[in-house]
Amino acid sequence: DNSTGLTWEGKPTSGLRTSTAKYTNWGDNRAGDVSAYAAAVNATALCGFTDWRLPTIDELKSLVNKTAGSPAIDSTWFPNTQKYAYWSSTVYFDTY
């Protein structure tokens with residue numbers, strides 16, 4: 001990514017990294033948790049990297065093209081992108 005300097009993972013339609021997989025975000029490496037997924041792709045050195053992690057909200061927002069319509073992401077680079085519900089490493093807290 002020329003804007004952030006990050007490397008983004010493309011999602012295939014099957015296998016460990018499938019675009020349809022659903023995860024929890026407990027952060028304790030339990031099966032089905034995104035932390036276990038990150039550990040698994042780091043163990044395989046996906047694309048030569050061993051520091052895969054959840055992006056921050058701002059890093060996710062950097063992928064959005066507000067003038068593109070729907071989808072608001074470049075589907076050439078991210079062809080199997082789901083429409084909603086993405087985890088990030090940004091902590092959410094309710095201000096009410």
Side-chain angles (χ1 to χ4, degrees):
D1 183 338
N2 292 330
S3 297
T4 64
L6 296 171
T7 299
W8 294 93
E9 175 194 18
K11 292 295 199 177
T13 55
S14 64
L16 168 68
R17 298 175 29 249
T18 182
S19 61
T20 58
K22 306 284 188 242
Y23 297 95
T24 60
N25 193 14
W26 293 103
D28 60 4
N29 286 335
R30 70 177 74 180
D33 191 76
V34 72
S35 58
Y37 175 78
V41 295
N42 283 329
T44 66
L46 178 65
C47 298
F49 296 101
T50 58
D51 60 351
W52 291 96
R53 59 174 176 78
L54 282 176
T56 66
I57 285 287
D58 288 337
E59 290 167 343
L60 281 173
K61 286 180 183 178
S62 76
L63 297 175
V64 176
N65 180 348
K66 294 178 182 173
T67 62
S70 182
I73 190 167
D74 187 335
S75 58
T76 301
W77 290 103
F78 301 100
N80 300 311
T81 302
Q82 300 298 306
K83 294 183 181 196
Y84 54 86
Y86 286 88
W87 286 113
S88 83
S89 62
T90 302
V91 176
Y92 170 81
F93 62 93
D94 194 347
T95 58
Y96 294 105

Do [X] and [Y] belong to the same hydrophobic cluster, where Ile, Leu, Val, Met, Phe, Trp and Tyr are linked whenever their side-chain heavy atoms lie under 4.5 Å apart, directly or via other members?
X	Y	result
Y86	F78	yes
I57	L6	no
L60	W77	yes

Calculate, to the nearest 0.5 Å, the distance between atoms [atom1] and [atom2] belonging to [X] and [Y] respectively.
X	Y	atom1	atom2	value
D58	T4	CG	OG1	11.0 Å
R17	T44	CZ	OG1	8.0 Å
N25	S88	CG	OG	8.0 Å

Quick check: closest heavy atoms across [X] and [Y], and the distance to 0.1 Å?
X	Y	result
I73	L63	CG1-O, 3.9 Å
K11	N80	O-ND2, 2.5 Å
D1	W8	OD2-NE1, 3.0 Å
E59	T56	OE1-N, 2.8 Å
N65	T67	OD1-OG1, 2.8 Å
L46	W52	O-NE1, 3.1 Å

Could I get the full list of side chain to side chain donor-acceptor pair (under 3.5 Å) partners for N29, not counting sequence neighbours?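 N29 satisfies side chain to side chain donor-acceptor pair (under 3.5 Å) with S35 once adjacent residues are dropped.
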With S19, which residues qualify under side chain to side chain donor-acceptor pair (under 3.5 Å), at least two apart?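 Side chain to side chain donor-acceptor pair (under 3.5 Å) list for S19, sorted by chain: empty.
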Listed by chain and number, what are the ring-ring contact (aromatic ring centres under 6.0 Å, His included) partners of Y23, not counting sequence neighbours?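 So Y23 forms a ring-ring contact (aromatic ring centres under 6.0 Å, His included) with Y37.
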Do D33 and T24 have side-chain N/O donor and acceptor atoms under 3.5 Å apart?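 A pair is found: one side chain offers a donor N or O, the other an acceptor, under 3.5 Å apart.
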